[in-house]
Amino acid sequence: MTTRSDAPAHRGPLPDAPAHLCPLPDASAFLGPRSAARSAGRAGSVLRHALDHGLLGPRQPVAGFLDTDGIETSVASLHAAFDTVPDVLHTFAAKAASLVPVLRLLAGLGMGCEVASPGELRLARDAGFPPSRIVLDSPAKTHEEIAEALALGVALNADNLDELTRIDALRPAGCASVVGLRVNPQVGGGTIGAMSTATATSKFGVALRDPGGRERVVDAFVRRPWLTRLHAHVGSQGCPLELIAEGIAETYRLAEEINAVVGRRQITSLDIGGGLPVNFDDDEVRPTFDDHARALRAAAPGLFAGHYALVTEFGRSLLAKNGFIAARVEYAKQAGGRRIAVTHAGAQTATRTVLMPGAWPLRVGAFDPEGRPRTGPAEPQDIAGPCCFAGDMVAEGRELPLLTEGDWVVLYDTGAYYFSTPWAYNSLPRPAVHGYTLDEDAVRLAPVRDAQTLDEIAAESGARHADRLLALARPGR
Ligand SMILES: Cc1ncc(COP(=O)(O)O)c(C=O)c1O
């Protein structure tokens with residue numbers, strides 16, 4: 001559900017409503033001044049379809065939705081931006097949407113998969129990615145995880161020099177895995193500290209600018225002829241393109257230096273990570289993958305010259321704008337002069353926004369119980385979640401038409417790192433996720449993940465061991 005650089009934003013009235021529904025008022029006014037109506041129109045169509053088909057309602061008060069055509073367009077724009085590079089593997093960062101059907105869709109679109117845990121590796125394999133198209137990154141790989149990746153032939157990027165020593169011991173003869181080393185070019189952070197991976201003190205990679213850091217990296221390559229990849233992920237949200245490009249350019253220069261020192265092109269590929277930031281203010285995709293490629297080309301022209309195969313690891317920029325959360329307004333109340341809509345989407349599904357509201361503001365759309373855009377004068381309202389802590393607020397003082405019980409709120413741009421990776425706080429169930437396509441007036445939906453049941457919640461909460469602590473209790477105490 002994105003507006004691509006090659007597909008101008010729909011700025012007029014909403015797209016035609018499905019034939020069986022009433023004509024819709026323009027919802028763009030309720031999304032904020034810089035928003036376009038496109039996402040509201042599309043989300044409204046999907047919302048009404050989901051309501052009509054019982055996928056949302058009083059008993060299914062929250063769900064995530066993913067636009068599969070939008071994902072396809074996003075992937076195509078990524079491929080197009082790098083199409084002059086002779087050898088490039090675009091992997092999807094599984095953490096951004098760790099859902100098997102999504103990963104399988106992406107595999108079918110020619111993507112590889114970047115994984116950062118045994119769980120993500122399992123999902124990638126279940127989705128059908130061959131080991132040769134999987135890259136394992138994680139700062140805390142155990143001996144066992146390293147051995148498994150090497151046995152499978154999955155590529156891995158060592159996070160530090162001690163991990164390389166483990167790999168020395170574990171690497172089997174004839175190992176098919178490409179092995180790389182992650183470096184931290186220490187070019188600085190962006191506006192969100194928690195998302196900045198190339199600060200002086202970042203936990204990721206070998207710190208290149210620390211005293212002796214660069215020399216230790218060069219030496220690690222000199223002593224390991226099989227170490228053939230350099231990796232840097234400089235991001236992510238909140239980082240300017242120039243900063244990301246500077247970090248990748250530094251990594252490129254280091255690869256050239258290492259190859260010069262060893263006297264052959266030992267490093268054959270560069271994994272330039274992901275990290276392209278996403279615009280959460282309106283429908284426009286900016287920056288685009290083209291913008292990113294331009295910035296990279298300006299900082300390191302050799303990157304596109306075919307001297308190195310490239311690997312990328314984008315997550316948020318591929319999925320965020322292709323998804324939304326719909327949540328029912330359970331109550332509309334007032335306290336201290338503030339209007340509060342209590343909804344079913346809070347910290348359990350919009351975790352980042354609730355815990356760091358300044359860093360992750362989301363656009364909110366208002367819809368009536370039938371899924372039509374709410375009309376009426378905008379009034380400041382708090383959009384609260386269902387969790388039992390006072391800060392469970394998705395938005396505060398947001399200007400929206402007055403929400404009442406049974407209405408729906410839509411949280412836009414939540415296709416990555418939101419409903420796919422919920423938080424288990426309050427034992428709230430993981431919400432269902434549905435994929436959709438929307439052609440003119442036809443919505444088609446497919447299941448991605450079922451809503452978690454109470455039995456499943458009980459099972460993951462130790463129900464099987466219910467009596468075990470009683471067995472520890474000492475009689476007489
Ligand atoms: C190593 C690595 N690669 C790729 C990504 C994906 O980043 P983004 O979703 O910002 O593209 C991350 C995000 O944390 C990461 O740590």
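Quantities reported herein were computed from a predicted structural model and do not represent experimental measurements. Both counts, for ligands and for their atoms, begin at 1 and track the order of listing. Scope of the values below: all heavy atoms of this structure, side chains included, with no hydrogens, waters or symmetry mates.
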Please write down residue, atom name and distance for the protein heavy atom closest to [atom].
atom	result
atom 10 (O) of ligand 1	S236 OG, 2.9 Å
atom 14 (O) of ligand 1	K95 CD, 3.5 Å
atom 3 (N) of ligand 1	E313 OE1, 2.7 Å

For ligand 1, is G273 a contact, meaning one of its heavy atoms is under 4.0 Å away?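 No.
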Enumerate the atoms of ligand 1 whose separation from the nearest heavy atom of F314 is less than 4.0 angstrom.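 Per the distance check, 11 (O).
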For D137, take its heavy atoms, then give the atoms of ligand 1 lying under 4.0 Å from any of them.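 The list of qualifying atoms is 1 (C).
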Contact check: G315 vs ligand 1, nitrogen or oxygen atoms, below 3.5 angstrom: yes
Donor-acceptor under 3.5 Å (H79 side chain, V75 main chain): yes
Considering only heavy atoms, does [X] approach ligand 1 within less than 4.0 Å through its side chain, its backbone, both, or neither?
X	result
E114	side chain
Y417	side chain
A93	side chain
R182	side chain

Who's closest to atom 7 (O) of ligand 1 heavy-atom-wise, of R316, Q237, H231, H233?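 The residue whose heavy atom sits nearest atom 7 (O) of ligand 1 is H233.
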Check the angle between the aromatic planes of Y252 and Y308 and answer parallel, tilted or perpendicular using the 30° and 60° thresholds. perpendicular
Does either side chain, that of N322 or that of S74, offer a donor lying less than 3.5 Å from an acceptor on the other one? yes
Quick one about T165 and D162 (side-chain donor to acceptor, distance below 3.5 Å, no hydrogens or angles considered), yes or no? no
Tell me whether R352 forms a cation-pi arrangement with Y417, defined as NZ or CZ under 6.0 Å from the six-membered ring centre and within 45 degrees of its axis.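 Cation-pi check for R352 and Y417: passes.
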With ring centroids as reference points, do F389 and Y425 lie under 6.0 angstrom apart?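 Between Y425 and F389, which both carry aromatic rings, the centre distance is below 6.0 Å.
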Given side chains that start at C-beta, do those of Q186 and T199 come closer than 4.5 Å, heavy atoms only? no
Any V183 side-chain heavy atom under 4.5 Å of L254 side chain: yes
